[in-house]
There are 2 protein chains.
Amino acid sequence: MPRRTKAEAEATREALLDAAEEVFYDNGVARTSLEQIARHAGMTRGAVYWHFKNKADLFHALLDRVRMPFEEMMDEVRDTTDVDSPLETLRLACLNGLTRIEQPKSRRIHAILLHRCEFFSDINPLEMQNRLVEECQAGMREQFRYAHELGLLKPHLSPDTASRLLQATLGGLIHDWLRNPERFSLQEEGREVVNTLFRLMRYEP
Amino acid sequence: MPRRTKAEAEATREALLDAAEEVFYDNGVARTSLEQIARHAGMTRGAVYWHFKNKADLFHALLDRVRMPFEEMMDEVRDTTDVDSPLETLRLACLNGLTRIEQPKSRRIHAILLHRCEFFSDINPLEMQNRLVEECQAGMREQFRYAHELGLLKPHLSPDTASRLLQATLGGLIHDWLRNPERFSLQEEGREVVNTLFRLMRYEP
DNA sequence: TGCAGTTTACATTCATGTATGTATGCTTGT
DNA sequence: ACAAGCATACATACATGAATGTAAACTGCA
């Protein structure tokens with residue numbers, strides 16, 4: 001019995017994406033068939049092929065639902081708090097990122113992108129990861145340069161190295177946690193690591 | 001034309017593993033068929049099925065060729081240099097690790113494990129990664145505790161946090177680099193990041 | 001000659017894409 | 001206002017190709 005109205009159709013589209021997200025997360029992208037996804041959403045493959053061109057198209061649609069650019073996170077911090085130090089803004093944005101990635105939806109998507117998909121058809125997850133990372137890196141470097149000009153960084157700590165260090169640490173933290181969320185708490189140990197790193201980088205006479 | 005002697009058979013086994021390594025690296029594990037691997041080694045699937053039970057078995061054999069435990073790296077450093085500070089030993093071991101992972105063989109295997117395989121049949125790459133990481137983490141924590149007792153760590157920097165920080169940074173660095181080795185040099189920027197982190201953690205009156 | 005090593009041939013499974021069927025909603029002419 | 005006709009939103013059926021595993025045939029050393 002087909003859904004008819006526009007709203008209902010949109011609902012099944014979302015249901016299919018939700019289903020894909022869960023099944024991808026549980027079984028990996030390569031191992032899940034469109035049949036599995038459809039069944040998990042209470043539909044058949046016909047519905048999938050109606051809403052999406054193919055598996056790759058569905059995958060793109062999945063990622064589009066959760067993308068959160070770095071710059072927006074910085075802006076968000078600046079809007080909601082009144083710190084004027086770039087280092088503090090950056091630190092809060094990082095903590096913010098950790099919190100976001102704990103949300104089930106965001107967490108599943110990132111886990112899929114990082115650990116549960118290889119390249120297939122026209123999709124290269126490594127390129128996607130790279131885009132995210134480089135964008136993030138650029139934003140961080142800008143803040144660190146600003147902090148450097150203000151003399152807020154430890155002497156002999158170049159903005160470039162600082163941004164690479166933070167980038168690596170954050171990336172590693174998220175990788176590790178997504179790989180096994182039970183191993184440690186992002187909100188406790190994770191924040192502690194980030195705060196510690198900033199404390200080490202900040203110049204205090 | 002079948003290979004006959006034991007040595008020749010062993011050679012084709014290695015050739016098959018080499019082929020698998022390359023094709024897995026280029027196309028991902030899921031997307032490569034045993035046929036592709038065999039052809040790439042100048043053989044047919046029959047040879048593969050003679051030497052390995054199936055794809056999963058071949059995959060295990062691949063990983064077994066390059067495993068390098070953390071403890072051994074620490075021992076290696078202690079043997080070849082004469083530093084008595086745990087922090088220095090640790091730092092050198094890390095730099096050592098960066099150098100090792102640049103070797104084509106090691107680099108390909110790790111890239112496959114981190115970025116080019118999802119779970120399939122009885123294989124769960126995430127578990128394998130976890131084993132490596134936890135083992136490494138335990139070793140680092142031990143060294144940091146020792147350094148802490150000797151008063152070598154910055155005040156307010158707990159050994160646990162320090163080890164988590166280093167672990168995350170190293171992991172992130174390696175992830176980032178393996179994802180796109182052209183983006184930066186492990187030997188230059190990578191070492192610089194590690195050295196900087198140790199400089200920040202070390203206590204110097 | 002027997003057997004380790006390798007090829008070839010074959011049966012099976014399974015996912016994909018597409019074509020077709022169909023029921024419902026929407027629109028338009030009157 | 002209300003059918004007729006068309007578009008939408010699916011389900012079903014089928015054709016295809018690709019990968020797997022296995023069994024049987026082959027080949028040359030021992």
Side-chain angles (χ1 to χ4, degrees), chain A residues 1-62 112 116-123, chain B residues 1-20 22-24 26-62 112 116-123:
Chain A
M1 50 190 94
R3 305 286 178 84
R4 300 119 211 179
T5 92
K6 262 198 169 62
E8 279 174 322
E10 182 58 26
T12 80
R13 194 190 124 100
E14 290 298 310
L16 287 173
L17 287 175
D18 288 342
E21 188 180 300
E22 290 183 26
V23 187
F24 280 165
Y25 183 83
D26 287 341
N27 302 335
V29 174
R31 277 177 63 83
T32 71
S33 65
L34 298 183
E35 172 80 18
Q36 281 176 275
I37 294 173
R39 295 291 289 255
H40 196 266
M43 306 267 141
T44 68
R45 260 173 54 248
V48 175
Y49 275 101
W50 175 257
H51 287 283
F52 310 97
K53 200 179 161 226
N54 51 30
K55 199 171 174 178
D57 187 39
L58 187 155
F59 186 79
H60 278 296
L62 241 196
I112 290 170
R116 284 156 172 88
C117 73
E118 309 174 3
F119 19 50
F120 68 102
S121 66
D122 66 327
I123 284 185
Chain B
M1 51 190 93
R3 306 286 179 83
R4 302 117 209 175
T5 93
K6 260 198 168 62
E8 279 176 320
E10 182 57 27
T12 79
R13 194 192 124 100
E14 289 299 309
L16 288 172
L17 286 174
D18 288 342
E22 288 182 26
V23 187
F24 281 164
D26 288 340
N27 302 335
V29 175
R31 277 177 63 84
T32 72
S33 64
L34 298 182
E35 172 79 19
Q36 280 175 277
I37 295 174
R39 296 289 291 253
H40 196 265
M43 306 267 143
T44 68
R45 260 173 54 249
V48 176
Y49 276 102
W50 175 258
H51 288 283
F52 309 98
K53 199 179 162 222
N54 50 31
K55 199 171 176 179
D57 187 38
L58 187 156
F59 186 80
H60 278 297
L62 241 197
I112 290 170
R116 285 155 170 88
C117 73
E118 309 174 3
F119 19 51
F120 68 102
S121 66
D122 67 325
I123 285 184

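Lettering of chains follows the sequences in order, A, B, ..., and the numbering in each one begins at 1. FYI, side chains are in, hydrogens and waters are out, and symmetry mates aren't considered; it's all heavy atoms of this structure.
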- Query: Across the strands shown, which category fits B/A47 at heavy-atom distances under 4.0 angstrom: base, sugar-phosphate, nothing?
  - Reply: base
- Task: Look at B/T12 and C/dT6 and indicate whether a side-chain polar atom (N or O) is within less than 4.0 Å of OP1 or OP2.
- Result: yes
Donor-acceptor list for residues 31-39 of chain B side chains, cut-off 3.5 Å, not counting sequence neighbours:
| from | atom 1 | to | atom 2 | distance (Å) |
| --- | --- | --- | --- | --- |
| B/T32 | OG1 | B/V29 | O | 3.3 |
| B/S33 | OG | B/Q36 | N | 3.2 |
| B/Q36 | OE1 | B/S33 | N | 2.9 |

- Task: Apply salt bridge (charged side-chain N to carboxylate O under 4.0 Å, His left out) to A/E10 and list each qualifying residue two or more places apart in sequence or on a separate chain.
- Result: none
- Item | Short side-chain N/O contact from B/W50 to OP1 or OP2 of C/dG5, under 4.0 Å | yes
Below 3.5 Å is the cut-off: list the nitrogen or oxygen pairs between protein and nucleotides 13-17 of chain C, distance only.
| from | atom 1 | to | atom 2 | distance (Å) |
| --- | --- | --- | --- | --- |
| C/dT16 | OP2 | A/L34 | N | 3.1 |
| C/dG17 | OP2 | A/Y49 | OH | 2.5 |
| C/dG17 | N7 | A/R45 | NH2 | 2.5 |
| C/dG17 | O6 | A/R45 | NH2 | 2.8 |

- Could you note down all residue pairs passing salt bridge (Lys or Arg N to Asp or Glu O under 4.0 Å) where residues 50-61 of chain A supplies at least one of them, sequence neighbours left out? none
- Find the bend of the helix from C/dT1-D/dA30 to C/dT30-D/dA1 as the angle between its two terminal axes (five pairs each), to the nearest 10°. 10°
- Rounded distance in Å - CZ (A/F52) to C1' (C/dT18): 18 Å
- Query: Just checking, A/R116 and B/F119: is the charged tip under 6.0 Å from the six-membered ring centre and within 45° of the axis?
  - Reply: no
- Which residues pass the salt bridge (charged side-chain N to carboxylate O under 4.0 Å, His left out) test with A/E22, sequence neighbours left out? none
- Would you find a donor on one side and an acceptor on the other, under 3.5 Å apart, between the side chain of B/E118 and the backbone of A/E118? yes
- Verify the contact: side-chain N or O of B/H51 to OP1 or OP2 of C/dA4, cut-off strictly under 4.0 Å; return yes or no. no
- Starting at CZ of B/F120 and ending at C1' of D/dA19, how long is that distance when rounded to a whole Å? 14 Å
- Task: Round to the nearest Å and state the distance from A/R39 atom CZ to D/dC10 atom P.
- Result: 17 Å
- Message: Which residues pass the side chain to side chain donor-acceptor pair (under 3.5 Å) test with B/H51, not counting sequence neighbours?
- Response: B/T12
- Message: Checking B/F120 now: which residues fulfil ring pair (Phe, Tyr, Trp, His ring centres under 6.0 Å) with it, not counting sequence neighbours?
- Response: B/F59
